[in-house]
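Predicted, not measured: the structure shown is a model, and the values here were computed from it. Reckoned from all heavy atoms, side chains included, excluding hydrogens, waters and symmetry mates.
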Amino acid sequence: MSDNKNFLESFKPYPSKYADLLLIYIQADHTQPRKNFGITSADHSRLLKSISTYGIEDPIKVSEIETDRYLIIDGHRRFSCAKELKLDTVPCRIYPKMDAGELEARRYEMQNNRRNWRPIEKANAIHKINQEYKNISKKEIATLIGITQKNLFHYTELRDMRMEYIELMASHDMKEYQMVVFMQLLPKLRKIKGYEIDDIVKIIFKKVNDGLMYRRTDFISLTKIFSTASLHEEEIHLFLTEANMAVEELLERTQLSGVSVQIKNLIKELSIKKNLNIKLTDKEKCLFEDLYKLMEIYV
(Lines give C-alpha, C1' and ligand atoms only; values in the text may rest on other atoms or scores of the structure.)
Protein backbone atom coordinates (compact mmCIF):
# COMPACT_ATOMS: atom_id res chain seq x y z
CA MET A 1 0.00 0.00 0.00
CA SER A 2 2.44 2.60 -1.23
CA ASP A 3 -0.05 5.49 -1.08
CA ASN A 4 -0.70 4.86 2.60
CA LYS A 5 2.75 3.84 3.84
CA ASN A 6 3.18 7.10 5.78
CA PHE A 7 -0.31 7.03 7.30
CA LEU A 8 0.72 6.30 10.90
CA GLU A 9 3.74 8.61 10.67
CA SER A 10 1.38 11.50 9.87
CA PHE A 11 0.09 11.47 13.46
CA LYS A 12 2.91 13.42 15.06
CA PRO A 13 2.62 15.64 18.14
CA TYR A 14 1.69 19.23 17.37
CA PRO A 15 3.73 22.04 18.95
CA SER A 16 2.05 23.20 22.15
CA LYS A 17 -0.12 26.23 21.64
CA TYR A 18 -2.09 27.45 24.62
CA ALA A 19 -4.33 30.50 24.88
CA ASP A 20 -7.33 31.85 26.76
CA LEU A 21 -10.16 31.89 24.24
CA LEU A 22 -13.45 33.76 24.43
CA LEU A 23 -16.21 31.31 25.26
CA ILE A 24 -18.29 32.60 22.35
CA TYR A 25 -15.57 31.45 19.93
CA ILE A 26 -15.86 27.82 21.08
CA GLN A 27 -18.52 25.33 20.03
CA ALA A 28 -19.39 21.86 21.29
CA ASP A 29 -19.17 18.92 18.92
CA HIS A 30 -22.65 17.41 19.03
CA THR A 31 -21.61 14.56 16.75
CA GLN A 32 -19.02 13.16 19.14
CA PRO A 33 -19.61 9.44 19.92
CA ARG A 34 -19.25 9.76 23.67
CA LYS A 35 -22.54 10.67 25.31
CA ASN A 36 -22.18 9.26 28.80
CA PHE A 37 -19.04 9.96 30.84
CA GLY A 38 -20.21 8.01 33.89
CA ILE A 39 -20.70 11.35 35.65
CA THR A 40 -23.33 11.80 38.35
CA SER A 41 -24.98 15.06 39.37
CA ALA A 42 -22.69 15.06 42.41
CA ASP A 43 -19.64 14.81 40.08
CA HIS A 44 -20.96 17.74 38.06
CA SER A 45 -21.48 19.80 41.20
CA ARG A 46 -17.94 19.08 42.35
CA LEU A 47 -16.50 20.10 38.98
CA LEU A 48 -18.62 23.24 38.95
CA LYS A 49 -17.42 24.18 42.44
CA SER A 50 -13.79 23.41 41.54
CA ILE A 51 -13.89 25.61 38.44
CA SER A 52 -15.63 28.36 40.40
CA THR A 53 -12.87 28.24 43.03
CA TYR A 54 -9.71 27.44 41.08
CA GLY A 55 -10.64 28.00 37.45
CA ILE A 56 -10.13 25.38 34.73
CA GLU A 57 -6.92 23.56 35.63
CA ASP A 58 -6.88 21.24 32.59
CA PRO A 59 -7.18 23.24 29.36
CA ILE A 60 -9.98 22.39 26.95
CA LYS A 61 -8.65 20.79 23.76
CA VAL A 62 -9.98 22.48 20.63
CA SER A 63 -9.33 22.39 16.90
CA GLU A 64 -9.34 25.59 14.90
CA ILE A 65 -12.11 25.57 12.28
CA GLU A 66 -11.55 29.07 10.96
CA THR A 67 -10.60 32.45 12.38
CA ASP A 68 -12.25 32.87 15.81
CA ARG A 69 -14.06 29.51 15.55
CA TYR A 70 -12.94 26.44 17.47
CA LEU A 71 -14.44 22.96 17.83
CA ILE A 72 -14.06 21.04 21.10
CA ILE A 73 -12.11 17.80 20.83
CA ASP A 74 -12.08 17.08 24.56
CA GLY A 75 -13.51 19.05 27.48
CA HIS A 76 -17.27 19.25 26.96
CA ARG A 77 -17.99 19.03 30.71
CA ARG A 78 -15.58 21.86 31.49
CA PHE A 79 -17.09 23.89 28.66
CA SER A 80 -20.61 23.26 30.02
CA CYS A 81 -19.56 24.37 33.51
CA ALA A 82 -17.88 27.50 32.09
CA LYS A 83 -21.12 28.46 30.35
CA GLU A 84 -23.09 27.79 33.53
CA LEU A 85 -20.68 30.03 35.47
CA LYS A 86 -20.90 32.67 32.71
CA LEU A 87 -17.12 32.82 32.24
CA ASP A 88 -15.86 35.10 29.49
CA THR A 89 -12.75 33.08 28.60
CA VAL A 90 -11.41 29.58 29.13
CA PRO A 91 -7.87 28.16 28.84
CA CYS A 92 -7.44 25.98 25.76
CA ARG A 93 -4.87 23.86 24.04
CA ILE A 94 -5.33 24.77 20.39
CA TYR A 95 -4.74 22.29 17.59
CA PRO A 96 -4.61 23.40 13.97
CA LYS A 97 -7.46 22.57 11.63
CA MET A 98 -7.46 18.83 10.97
CA ASP A 99 -9.52 16.39 8.95
CA ALA A 100 -12.42 14.58 10.61
CA GLY A 101 -10.54 11.28 10.83
CA GLU A 102 -7.60 12.72 12.73
CA LEU A 103 -9.91 14.65 15.05
CA GLU A 104 -11.83 11.46 15.92
CA ALA A 105 -8.61 9.49 16.43
CA ARG A 106 -7.13 12.14 18.74
CA ARG A 107 -10.36 12.45 20.73
CA TYR A 108 -10.52 8.67 21.10
CA GLU A 109 -6.97 8.59 22.46
CA MET A 110 -7.53 11.50 24.89
CA GLN A 111 -10.77 10.16 26.35
CA ASN A 112 -9.94 6.45 26.29
CA ASN A 113 -6.85 7.01 28.44
CA ARG A 114 -8.82 8.90 31.08
CA ARG A 115 -12.06 6.95 31.59
CA ASN A 116 -13.36 3.74 30.03
CA TRP A 117 -15.93 4.22 27.31
CA ARG A 118 -19.32 2.58 27.32
CA PRO A 119 -19.27 -0.24 24.73
CA ILE A 120 -21.60 1.45 22.23
CA GLU A 121 -19.70 4.77 22.51
CA LYS A 122 -16.44 2.98 21.72
CA ALA A 123 -18.07 1.14 18.82
CA ASN A 124 -19.46 4.42 17.43
CA ALA A 125 -16.09 6.16 17.77
CA ILE A 126 -14.30 3.34 15.94
CA HIS A 127 -17.00 3.37 13.26
CA LYS A 128 -16.44 7.09 12.66
CA ILE A 129 -12.68 6.58 12.37
CA ASN A 130 -13.26 3.70 9.94
CA GLN A 131 -15.59 5.86 7.86
CA GLU A 132 -13.06 8.66 7.61
CA TYR A 133 -10.20 6.35 6.60
CA LYS A 134 -11.87 3.99 4.14
CA ASN A 135 -8.72 3.67 2.05
CA ILE A 136 -6.48 2.84 5.01
CA SER A 137 -5.86 -0.78 6.01
CA LYS A 138 -7.63 -2.14 9.08
CA LYS A 139 -4.25 -3.10 10.50
CA GLU A 140 -3.09 0.53 10.46
CA ILE A 141 -6.36 1.78 11.98
CA ALA A 142 -6.12 -0.85 14.74
CA THR A 143 -2.51 0.18 15.41
CA LEU A 144 -3.51 3.85 15.46
CA ILE A 145 -6.11 3.40 18.22
CA GLY A 146 -4.22 0.70 20.11
CA ILE A 147 -6.43 -2.38 19.65
CA THR A 148 -6.06 -5.64 17.73
CA GLN A 149 -7.53 -6.15 14.27
CA LYS A 150 -9.77 -8.84 15.75
CA ASN A 151 -11.18 -6.39 18.30
CA LEU A 152 -11.59 -3.77 15.57
CA PHE A 153 -13.77 -6.25 13.68
CA HIS A 154 -15.80 -7.15 16.78
CA TYR A 155 -16.45 -3.50 17.66
CA THR A 156 -17.80 -3.11 14.14
CA GLU A 157 -20.12 -6.03 14.85
CA LEU A 158 -21.06 -4.55 18.22
CA ARG A 159 -22.39 -1.43 16.55
CA ASP A 160 -25.02 -3.58 14.81
CA MET A 161 -25.93 -5.53 17.95
CA ARG A 162 -29.28 -5.09 19.65
CA MET A 163 -29.30 -2.17 22.06
CA GLU A 164 -30.65 -4.38 24.84
CA TYR A 165 -27.53 -6.54 24.72
CA ILE A 166 -25.26 -3.52 24.58
CA GLU A 167 -26.90 -2.03 27.65
CA LEU A 168 -26.57 -5.36 29.46
CA MET A 169 -22.84 -5.40 28.71
CA ALA A 170 -22.52 -1.86 30.02
CA SER A 171 -24.57 -2.49 33.18
CA HIS A 172 -22.54 -5.61 34.02
CA ASP A 173 -19.28 -3.73 33.41
CA MET A 174 -17.99 -6.40 31.06
CA LYS A 175 -14.33 -6.25 30.13
CA GLU A 176 -13.32 -5.82 26.50
CA TYR A 177 -12.19 -9.44 26.05
CA GLN A 178 -15.51 -10.64 27.53
CA MET A 179 -17.47 -8.53 25.03
CA VAL A 180 -15.44 -9.99 22.16
CA VAL A 181 -15.99 -13.64 23.15
CA PHE A 182 -19.66 -12.95 23.94
CA MET A 183 -20.14 -11.68 20.38
CA GLN A 184 -18.58 -14.94 19.14
CA LEU A 185 -20.93 -16.95 21.36
CA LEU A 186 -24.14 -15.10 20.43
CA PRO A 187 -24.65 -16.60 16.92
CA LYS A 188 -24.33 -20.13 18.40
CA LEU A 189 -27.11 -19.73 20.96
CA ARG A 190 -30.37 -21.57 20.30
CA LYS A 191 -33.62 -22.20 22.13
CA ILE A 192 -33.29 -24.80 24.90
CA LYS A 193 -36.67 -26.19 25.94
CA GLY A 194 -38.54 -23.25 27.53
CA TYR A 195 -35.58 -20.86 27.33
CA GLU A 196 -35.57 -18.48 24.36
CA ILE A 197 -32.30 -16.91 23.20
CA ASP A 198 -33.07 -13.64 25.03
CA ASP A 199 -33.63 -15.60 28.25
CA ILE A 200 -30.32 -17.41 27.77
CA VAL A 201 -28.46 -14.13 27.18
CA LYS A 202 -29.83 -12.69 30.44
CA ILE A 203 -28.81 -15.83 32.34
CA ILE A 204 -25.29 -15.60 30.89
CA PHE A 205 -24.98 -11.98 32.00
CA LYS A 206 -26.26 -12.93 35.46
CA LYS A 207 -23.58 -15.62 35.71
CA VAL A 208 -20.96 -13.07 34.57
CA ASN A 209 -22.19 -10.70 37.28
CA ASP A 210 -22.03 -13.48 39.91
CA GLY A 211 -18.47 -14.41 38.93
CA LEU A 212 -19.48 -17.80 37.48
CA MET A 213 -18.42 -16.78 33.96
CA TYR A 214 -15.48 -14.44 33.60
CA ARG A 215 -12.61 -16.21 31.83
CA ARG A 216 -12.19 -16.20 28.08
CA THR A 217 -12.17 -20.01 28.16
CA ASP A 218 -15.62 -20.02 29.83
CA PHE A 219 -17.15 -18.25 26.82
CA ILE A 220 -15.21 -20.38 24.34
CA SER A 221 -16.31 -23.61 26.07
CA LEU A 222 -19.95 -22.49 26.10
CA THR A 223 -19.70 -21.62 22.39
CA LYS A 224 -18.48 -25.15 21.60
CA ILE A 225 -21.20 -26.73 23.75
CA PHE A 226 -23.94 -24.74 22.04
CA SER A 227 -22.47 -25.71 18.65
CA THR A 228 -23.61 -29.28 19.42
CA ALA A 229 -26.59 -28.29 21.58
CA SER A 230 -28.77 -31.14 20.28
CA LEU A 231 -26.41 -33.61 21.97
CA HIS A 232 -26.29 -31.75 25.27
CA GLU A 233 -29.75 -30.26 25.66
CA GLU A 234 -30.35 -31.77 29.10
CA GLU A 235 -26.99 -30.58 30.43
CA ILE A 236 -27.46 -27.07 29.00
CA HIS A 237 -30.98 -26.92 30.44
CA LEU A 238 -29.57 -27.77 33.86
CA PHE A 239 -26.91 -25.06 33.44
CA LEU A 240 -29.61 -22.50 32.66
CA THR A 241 -31.84 -23.64 35.51
CA GLU A 242 -29.21 -23.88 38.23
CA ALA A 243 -28.21 -20.32 39.16
CA ASN A 244 -24.94 -21.43 40.82
CA MET A 245 -23.75 -23.79 38.10
CA ALA A 246 -20.53 -22.66 36.41
CA VAL A 247 -19.39 -23.38 32.84
CA GLU A 248 -16.66 -25.67 34.16
CA GLU A 249 -19.26 -28.01 35.68
CA LEU A 250 -21.32 -27.90 32.47
CA LEU A 251 -18.21 -28.82 30.50
CA GLU A 252 -17.54 -31.82 32.76
CA ARG A 253 -21.12 -33.04 32.33
CA THR A 254 -21.06 -32.74 28.54
CA GLN A 255 -17.71 -34.53 28.30
CA LEU A 256 -19.16 -37.47 30.24
CA SER A 257 -21.79 -37.85 27.53
CA GLY A 258 -19.21 -38.05 24.72
CA VAL A 259 -20.72 -41.34 23.56
CA SER A 260 -23.55 -39.22 22.15
CA VAL A 261 -21.10 -37.70 19.68
CA GLN A 262 -20.07 -41.16 18.50
CA ILE A 263 -23.70 -42.22 18.07
CA LYS A 264 -24.47 -39.06 16.11
CA ASN A 265 -21.51 -39.68 13.80
CA LEU A 266 -22.69 -43.26 13.30
CA ILE A 267 -26.18 -42.07 12.37
CA LYS A 268 -24.67 -39.59 9.94
CA GLU A 269 -22.52 -42.29 8.33
CA LEU A 270 -25.49 -44.62 7.96
CA SER A 271 -27.61 -41.87 6.43
CA ILE A 272 -24.92 -41.14 3.84
CA LYS A 273 -24.71 -44.82 2.88
CA LYS A 274 -28.48 -45.08 2.63
CA ASN A 275 -28.75 -41.97 0.46
CA LEU A 276 -25.99 -43.27 -1.83
CA ASN A 277 -27.57 -46.75 -1.84
CA ILE A 278 -24.39 -48.33 -0.47
CA LYS A 279 -24.93 -51.75 1.11
CA LEU A 280 -23.39 -52.67 4.48
CA THR A 281 -20.56 -55.18 4.52
CA ASP A 282 -21.04 -58.50 6.36
CA LYS A 283 -18.75 -57.26 9.13
CA GLU A 284 -20.76 -54.04 9.49
CA LYS A 285 -24.00 -56.04 9.65
CA CYS A 286 -22.60 -58.14 12.51
CA LEU A 287 -21.57 -55.01 14.44
CA PHE A 288 -24.98 -53.43 13.98
CA GLU A 289 -26.68 -56.61 15.15
CA ASP A 290 -24.61 -56.43 18.35
CA LEU A 291 -25.48 -52.74 18.73
CA TYR A 292 -29.17 -53.46 18.19
CA LYS A 293 -29.12 -56.10 20.97
CA LEU A 294 -27.52 -53.57 23.36
CA MET A 295 -30.10 -50.94 22.44
CA GLU A 296 -32.91 -53.37 23.27
CA ILE A 297 -31.44 -53.67 26.76
CA TYR A 298 -30.73 -49.96 27.43
CA VAL A 299 -33.51 -48.18 25.55
message: For a 4.5 angstrom cut-off between non-hydrogen side-chain atoms, does L238 reach M245?
response: yes
- prompt: Going by atom types alone, do S137 and E140 pair a side-chain donor with an acceptor below 3.5 Å?
  reply: yes
- prompt: Does some side-chain heavy atom of I60 sit less than 4.5 Å from a side-chain heavy atom of Y70?
  reply: no
Test item: S227 side-chain N/O and T223 main-chain N/O as donor-acceptor pair under 3.5 Å: yes
message: Measuring only between side-chain heavy atoms, which start at C-beta, is I26 closer than 4.5 Å to C92?
response: yes
query: Is it true that Y177 and F219 have ring centroids separated by less than 6.0 Å?
result: no
task: For the residue pair I73 and M98, establish whether any side-chain heavy-atom pair is separated by less than 4.5 Å.
output: yes
message: So that I can tick it off, tell me whether K61 and D58 are bridged by a salt bridge, with the cut-off set at under 4.0 angstrom between side-chain N and carboxylate O.
response: yes
Cation-aromatic face contact K207/F239, 6.0 Å, 45 degrees: yes
query: Out of curiosity, L222 CG to I204 CD1, how far, rounded to the nearest 0.5 Å?
result: 5.0 Å
query: Taking side chain as C-beta onward, heavy atoms only, is Y195 less than 4.5 Å from I203?
result: yes
field: More than 12 heavy atoms of other groups within 6.0 Å of K283 NZ
entry: no
field: Residue Q184 excluded, over 12 heavy atoms near CD under 6.0 Å
entry: yes
- prompt: Donor-acceptor pair, N275 side chain versus S271 backbone, under 3.5 Å?
  reply: yes
message: Just checking N244: does its CG atom have more than 12 heavy atoms from other residues, nucleotides or ligands closer to it than 6.0 angstrom?
response: no
query: Looking at D29 and R107, does any basic side-chain N land under 4.0 Å from a carboxylate oxygen?
result: yes
field: Cationic N near anionic O, under 4.0 Å, K202 to E196
entry: no
query: D218 side chain to R215 main-chain N or O, any donor-acceptor pair under 3.5 Å?
result: yes
query: Counting N and O atoms only, with roles assigned by atom type, does the side chain of T228 sit under 3.5 Å from a partner on the main chain of L231, one being a donor and the other an acceptor?
result: no
field: Pairwise side-chain contact, L23 with T89, heavy-atom cut-off 4.5 Å (strictly under)
entry: no
query: So does K293 pair up with E289, basic N to acidic O under 4.0 Å?
result: no
field: Heavy-atom side-chain proximity of E233 to R190 below 4.5 angstrom
entry: yes
field: E132 CD to I141 CD1 distance, which is reported to the nearest 0.5 Å
entry: 10.5 Å
message: Does atom NZ (K49) have a neighbourhood of more than 12 heavy atoms from anything else shown, all under 6.0 Å?
response: no
- prompt: If only atom types and distance count, is the side chain of S63 paired as donor or acceptor with the main-chain N or O of P96 below 3.5 Å?
  reply: yes
message: Working to the nearest 0.5 angstrom, can you tell me the gap between Y25 OH and R69 CZ?
response: 12.5 Å
message: Can you classify the ring geometry of Y14 versus Y95 as parallel (below 30°), tilted (30 to 60°) or perpendicular (above 60°)?
response: perpendicular
query: Atom CD1 in I94, atom CD in E64: separation rounded to 0.5 Å?
result: 7.0 Å
query: For V62 and D74, what are the C-alpha separation, side-chain angles and deciding distance, and is it a side-chain contact (heavy atoms from CB on, under 4.5 Å)?
result: CA-CA 7 Å; V62 298; D74 180 60; over 6 Å; no
query: Taking side chain as C-beta onward, heavy atoms only, is R77 less than 4.5 Å from L47?
result: yes
field: Side-chain (S80) to main-chain (H76) donor-acceptor, under 3.5 angstrom
entry: no
Polar side chain donor-acceptor pair, Y133 to D99, under 3.5 angstrom: yes
Polar contact flag, side-chain donor to acceptor under 3.5 angstrom, H44-E84: yes
task: May I ask you to decide whether E102 forms a salt bridge with K97, counting only side-chain N to carboxylate O separations under 4.0 Å?
output: no
field: Rounded distance [0.5 Å steps], CZ in R106 versus CG in L144
entry: 9.5 Å
- request: First locate atom CG of L250, then atom CG of L240, and finally report the distance between them rounded to the nearest 0.5 Å.
  value: 8.5 Å
query: With the threshold set at 4.0 Å, does a side-chain nitrogen-carboxylate oxygen contact exist between K273 and E284?
result: yes
